[in-house]
Amino acid sequence: MGKDVIIACDFAGAEQTYAFLEKFGDKRPFVKIGMELFYAAGPSIVTKLKERGHKVFLDLKLHDIPNTVRKSMAVLSGLGADMVNLHAAGTIDMMKAALEGLTRPDGTRPLLIAVTQLTSTSQERMENDLLIKEPIDQVVLHYANNAKIAGLDGVVCSPLEAGKVHERCGSEFFTVTPGVRFADGDVGDQVRVTTPEKAKEIGSDYIVVGRPITAAEDPLAAYERCMKEFVD
Ligand code: C5P
């Protein structure tokens, strides 16, 4: 599994998504479908994008009792997703159950990655709301390590955390990193950002890029620039 750029298709519906992807001609980028698009368009968006030749990361962040997660993951796997995720906070047992559910009768399965602490969670909120008193960077690494123990393939994290995750969990355990911006681009509402080139240097395995591509005047050119900076 090589390095790749995943485009975050944060659109409100299927038609907008297909219209956007038309701009890529015969290129079939790896795409991320989040909760908004999945809930609006329904599961058929996954099968349709797969039929068109895209790889699909389903960013649905499952978190429930192990039995429910096992059965739900089996459904997502059946749609043909290439990568799915869950909250590491659901515990090692839940993550193991997810892997069981994902494994298809032929032995293949989508890649499974974990969300550690959401980047929207501050140290203060984590301490006061969740009663977790450790430093947040330690909590992130602990959750990443739990994901590794459960047999997962990697974590979603900030590119700035990717190096530490690899130090703790090994270089084979991969990092999928949003918060990517071009050096000369708009930061928008992201706080801790890095360029595709820098993300490559730090050791991200996949970058998730939304608005720098989806809102670009020429999305294909922006995508190719990301590929050139990150993959080539
Ligand atoms: O448009 P932008 O490049 O900021 O999009 C980043 C994508 O990655 C969005 O779909 C966002 O929800 C997702 N994401 C993130 N930060 C996280 C986890 C997911 O930006 N910690």
Side-chain angles (χ1 to χ4, degrees), residues 1-61 79-85 110-111 113 115 119-120 154 156-160 162 174-232:
M1 184 62 72
K3 285 186 185 287
D4 209 348
V5 173
I6 304 178
I7 305 179
C9 288
D10 293 323
F11 298 110
E15 288 318 312
Q16 279 166 271
T17 308
Y18 302 143
F20 169 73
L21 292 171
E22 287 294 310
K23 298 176 184 167
F24 289 77
D26 57 5
K27 290 219 157 46
R28 295 289 181 270
F30 200 148
V31 294
K32 176 173 91 74
I33 298 177
M35 285 188 248
E36 180 192 9
L37 179 57
F38 187 80
Y39 295 147
S44 65
I45 181 95
V46 183
T47 44
K48 286 193 184 134
L49 288 172
K50 289 299 299 172
E51 279 164 22
R52 289 170 180 229
H54 294 274
K55 282 190 176 173
V56 176
F57 168 21
L58 267 183
D59 179 16
L60 301 178
K61 300 186 180 72
L79 295 174
D82 298 278
M83 185 186 286
V84 297
N85 64 0
L111 294 171
I113 58 176
V115 174
T119 44
S120 50
V156 188
C157 64
S158 152
L160 306 171
F174 63 69
T175 52
V176 179
T177 63
V180 173
R181 292 294 180 263
F182 292 122
D184 52 3
D186 260 356
V187 170
D189 57 355
Q190 293 280 16
V191 180
R192 297 170 70 218
V193 299
T194 195
T195 62
E197 217 164 13
K198 185 81 185 154
K200 178 181 183 178
E201 211 179 291
I202 300 172
S204 296
D205 297 286
Y206 294 86
I207 50 172
V208 174
V209 187
R211 288 158 292 179
I213 296 176
T214 56
E217 220 164 275
D218 184 345
L220 175 57
Y223 171 69
E224 285 179 333
R225 180 176 173 192
C226 274
M227 290 292 283
K228 193 167 181 325
E229 286 189 24
F230 184 67
V231 180
D232 293 351

Supply the atom-to-atom distance S120 OG to D189 CG, rounded to the nearest 0.5 angstrom.
11.0 Å
For G203 and T175 the tightest heavy-atom approach is O-OG1, 3.5 Å
Counterpart residues, side-chain hydrogen bond (donor to acceptor under 3.5 Å, both in side chains), relative to K228 (two or more places apart)
none
With no hydrogens and no angle check, is any side-chain donor or acceptor of R181 less than 3.5 Å from a backbone partner on D186?
yes
For D10, give me all partners under side-chain hydrogen bond (donor to acceptor under 3.5 Å, both in side chains), at least two apart in sequence or on another chain.
none
From L160 atom CG to I202 atom CD1, the distance as rounded to the nearest 0.5 Å:
5.0 Å
For a 4.5 angstrom cut-off between non-hydrogen side-chain atoms, does E229 reach V5?
no
With V180, which residues qualify under side-chain contact (heavy atoms from CB on, under 4.5 Å), at least two apart?
P196, I207, V209
Test applied, side chain to side chain contact (heavy atoms under 4.5 Å, CB included); reference residue, M83; option that passes from V56, L58, I6
I6
Looking at every heavy atom in both F174 and D205, which two are closest together, and how far apart are they?
CB-OD2, 2.8 Å
Which heavy atom of A12 sits nearest a heavy atom of A40, and at what distance?
O-CB, 3.2 Å
With sequence neighbours excluded, residues passing side-chain hydrogen bond (donor to acceptor under 3.5 Å, both in side chains) with D184
R225
With the side chain counted from C-beta on, respond yes when C157 and T177 share a heavy-atom pair under 4.5 Å apart, and no when they do not.
yes
Looking only at non-hydrogen atoms, find the nearest pair between A183 and T195 and report the distance.
N-CG2, 3.7 Å
Which heavy atom in G13 sits nearest to a heavy atom in T17, and how many Å separate them?
O-OG1, 2.8 Å
Which atom pair, heavy atoms only, marks the closest approach of P159 to G179?
CG-O, 4.2 Å
Give every residue pair that meets the ring-ring contact (aromatic ring centres under 6.0 Å, His included) criterion with at least one member in residues 35-58, sequence neighbours excluded.
none
Run the side-chain contact (heavy atoms from CB on, under 4.5 Å) test against D218 and tell me which residues pass, sequence neighbours left out.
L220, A221
Verify, without hydrogens or angle tests, whether N85 (side chain) and K61 (backbone) share a donor-acceptor contact under 3.5 angstrom.
yes
Applying salt bridge (charged side-chain N to carboxylate O under 4.0 Å, His left out) to K50 and not counting sequence neighbours gives D82
Side-chain contact, heavy-atom cut-off 4.5 Å: L60 with V84?
no
Can you sort out the partners of K23 under salt bridge (charged side-chain N to carboxylate O under 4.0 Å, His left out), two or more places apart, ordered by chain and number?
none
Any pair with a residue in residues 29-46 that passes salt bridge (Lys or Arg N to Asp or Glu O under 4.0 Å), sequence neighbours left out, goes on the list, sorted by first then second residue, please.
K32-D59
Tell me if a side-chain donor or acceptor on D4 pairs with a main-chain N or O of Y206 at a distance below 3.5 Å.
no
Walk me through whether L21 and L49 qualify under side-chain contact (heavy atoms from CB on, under 4.5 Å).
CA-CA 10 Å; L21 292 171; L49 288 172; 3.5 Å; yes
Heavy-atom check, side chain of T214 versus side chain of C9, under 4.5 Å:
no
Starting at OH of Y18, measure out to CZ of R52 and round the result to the nearest 0.5 Å.
5.5 Å
Suppose we screen for salt bridge (charged side-chain N to carboxylate O under 4.0 Å, His left out). Which residues come up paired with K198, at least two apart in sequence or across chains?
E201
Contacts of D232 that satisfy salt bridge (charged side-chain N to carboxylate O under 4.0 Å, His left out) - sequence neighbours left out
none
Can you sort out the partners of F24 under ring-ring contact (aromatic ring centres under 6.0 Å, His included), two or more places apart, ordered by chain and number?
F20, Y223
